[in-house]
Number of protein chains: 2
Amino acid sequence: MVTLKDVAKLAEVSVSTVSIVINGKTKERNIPSKTYNKVMKAIDELGYQPNVSARRLRNLDRAKPIIALYWTLDTRTNMLTALLAGIQSEIEKKQFDFELVIRIYTNDQIAKDAKEIMNNTYNGIIIGATSEADLAYLESLSPRMPIIFINRQSKKFSTVYVDSSEVAIEAVSLLTKQSVQQIGVVAVESPYVASNQRINAFLEECRKQHIVVDQSHIITAPNSLAGGVTAAGRYLQLTDRPKTIFCESDTIVMGMIHELNRLKIKIPEEVAIISIGMTGPDATQYSTPPITAIDIPSEQIAAAAISILSKSLSQKNLHDRLLPVHQKIAPTTYIRASFPLPPDDNL
Amino acid sequence: MVTLKDVAKLAEVSVSTVSIVINGKTKERNIPSKTYNKVMKAIDELGYQPNVSARRLRNLDRAKPIIALYWTLDTRTNMLTALLAGIQSEIEKKQFDFELVIRIYTNDQIAKDAKEIMNNTYNGIIIGATSEADLAYLESLSPRMPIIFINRQSKKFSTVYVDSSEVAIEAVSLLTKQSVQQIGVVAVESPYVASNQRINAFLEECRKQHIVVDQSHIITAPNSLAGGVTAAGRYLQLTDRPKTIFCESDTIVMGMIHELNRLKIKIPEEVAIISIGMTGPDATQYSTPPITAIDIPSEQIAAAAISILSKSLSQKNLHDRLLPVHQKIAPTTYIRASFPLPPDDNL
DNA sequence: CTGAAAGCGCTTACAG
DNA sequence: CTGAAAGCGCTTACAG
């Protein structure tokens, strides 16, 4: 790394002079152009770049805690925007000002990024979309700053989550109200922890309520709009296809609905659809037809995570600061045209 | 600010010892529990929090440049996700590794956040969604790191943009192919620079091509799905309503289409629709019906911005590093069912 | 087991 | 006009 000192040596001036030049105070400090040129030439030759940490330390302008949000970006249509909106709304309450760093990682490879975590590069960390391997790996570490997992279970670290079985119970209760006997399931391909859990909890709850889920009626697709088109195609090829579908992703469901509309399959007359919502209630509400969804409130989750982090960081005691907090967020159900309730329920 | 020194003094030990305890090396260094407790008690009492900059400086673990992405979050459905995806794809090319800080600001109030900019807190800055006031303010400053504006014009700073008149010409060329004589316009309410420009360029181009835009046929609405519903309502109340609509936002257009579908207004038979796309081509493609859109490729814009920044930062010479670069990105036109081309064009 | 000291890269009074 | 020195808060080899 090239430092001020290196520049000073090459330019045959002191570090003070170099610093003055770099900070644009040449005129103010009456540096003659000859000196200025020497310094600039040395900067050029060495390719000097200031060290931001040193500057910050020296200027003490960094009272703000730095919070890293670790997220994956496999699919474009994800919760990230909703999360950012939630984080923003917390910042605006002004109780807690911080710098937000976005770290993108690849599932099953969080270890590569763990250096920053262990180095205490950040004051707090929020991690979403972890795989089981990521989770296990992180649990094996002992970081010294608060960590919050989104939609995961952990004893060691704080969590903000929507309870999968609560979502499942809610979904299945809608089905029983309509006396649905048999259902098809659309799940996200190569799913990570939370989605696995949700599907499993759903299947479990169906069993309890004697709703039949034929193994061949479980369709998986990539978590994208195009994936939804594929899923719709698979669904239509099923023999004895179920009249109701439960979809685990609102992105997939929008693709499905597009395809079903295109093929003039009537919703809900020919297929009724329930989905889990991840990207905010607007997405499902303004679909044609609007989609009945059990919504995971991403903004609320983000706000809760920030709030926990804020409280943690205000703890004086390091031990208290690392004390895990577990906050459960309730899902919200939106009944819409894709799966209406029976008339007597609409009173 | 409480420092290690303060803790050491209160605990009546040296800073070395405090540092060892804080870094979890108590066992490794054979610190007796009595000492440990003294230190922890002092940390508790003072509420000590480590200074991240000092740590980074000391550990020299920060070779990565820090890039700040300034964005507004007025509307939830914005380009941010697409931009992040574009940034991510650039990181993955591994030519350039950096830390990404998201800074949320409020339009017309960038001055509040300008301290960080001027302090050289970041190695490079990408700013989007600026208002005219923000732009003017920033142009009055002389920051010492590269700044890139998204979809804005600036001589002083680098820009990555889609040319508004190009978008307008493209849109109007579609209209002339269909011999459209008269058109309604849906614009974003309280628009910022780029959207103003786009609407103005569009109106200008319509004039040139003798397409009539009645002043009363220009509808404005908030940039949201709900805003689209409102816009559809206003449109339907127009006397002598135009059979074709040009909408400046794909978010608004999706809300409009939802409402038009609900009211069984046939698209394109009763209303044909063209939109500008901002949130990626998928959004308009999987609508019912799919929407003809002139797409502003956000991912490509983000990738270009990062690429420019990467090149700037690799310049040894400070002057070269600040040299503005202007890159124009071409919009992409997607012809879809909401505004099909005449048959002879579909060969 | 613990402390004094050096030093990370920078900026800024201060002295001359 | 320019340099020597102090010091931001931290970690770590070293000495005892």
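Chain A is the first sequence line, chain B the second, and so forth, proteins listed ahead of strands; every chain is numbered from 1. Values reported hereafter were calculated over all heavy atoms of this structure, with side chains retained and with hydrogens, waters and symmetry mates removed.
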Gap separating the CD1 atom of B/Ile102 from the CD1 atom of A/Ile67, nearest 0.5 angstrom: 14.0 Å
Considering all heavy atoms, the nearest A/Met278-A/Ser298 contact: O-OG, 2.8 Å
Rounded distance in Å - CG (A/Asn51) to C1' (D/dC8): 13 Å
B/Ser154-B/Glu139 side chain donor-acceptor pair, cut-off 3.5 Å: yes
Sugar-phosphate only, base, or nothing, as touched by A/Lys25 at under 4.0 Å among non-hydrogen atoms: sugar-phosphate
Strand contacts (DNA chain C) in residues 4-16 of chain A, 4.0 angstrom heavy-atom criterion: A/Leu4, A/Ser16
Of the listed nucleotides C/dC10, D/dC10, C/dT2, the one nearest the side chain of A/Arg55: C/dC10
ring-ring contact (aromatic ring centres under 6.0 Å, His included) contacts in which one or both residues fall within residues 17-47 of chain A, not counting sequence neighbours: none
Minimum heavy-atom distance B/Thr3-B/Tyr48, with the two atoms named: C-CE1, 3.6 Å
Closest to side chain of A/Thr35, choosing from C/dC10, C/dT2, D/dT2: D/dT2
A/Arg152 side-chain N/O to A/Leu135 backbone N/O, donor-acceptor pair under 3.5 Å: no
Atom pair distance, as rounded to whole Å: CD1 in A/Ile22 and P in D/dT2: 15 Å
Spacing between B/Leu57 atom CG and D/dG7 atom C1', to the nearest angstrom: 12 Å
B/Lys38 NZ - C/dT2 C1' separation (whole Å): 10 Å
First encountered from the 5' end of DNA chain D, between B/Ala54 and B/Arg29: B/Ala54
Euclidean distance, atom CD of residue B/Glu28 to atom P of C/dC1 [Å, nearest integer]: 14 Å
Greater than 12 external heavy atoms within 6.0 Å of A/Lys156's NZ: yes
Distance-only side-chain donor-acceptor flag, B/Thr17 / B/Ser14, under 3.5 Å: yes
Touch class at under 4.0 angstrom, heavy-atom based, for B/Ile20 against every strand present: nothing
Paired stretches of DNA chain C - 3 or more consecutive Watson-Crick or G-U pairs, each distance under 3.5 Å: C:1-3 with D:14-16, C:5-12 with D:5-12, C:14-16 with D:1-3
Euclidean distance, atom CG of residue A/Leu46 to atom P of C/dG9 [Å, nearest integer]: 14 Å
side-chain N/O B/Tyr48 vs D/dC10 OP1/OP2, d < 4.0 Å: yes
Positive for side chain to side chain contact (heavy atoms under 4.5 Å, CB included) with B/Ile301, one of B/Ile296, B/Ile148, B/Ile126: B/Ile296
Sugar-phosphate only, base, or nothing, as touched by B/Ser19 at under 4.0 Å among non-hydrogen atoms: base
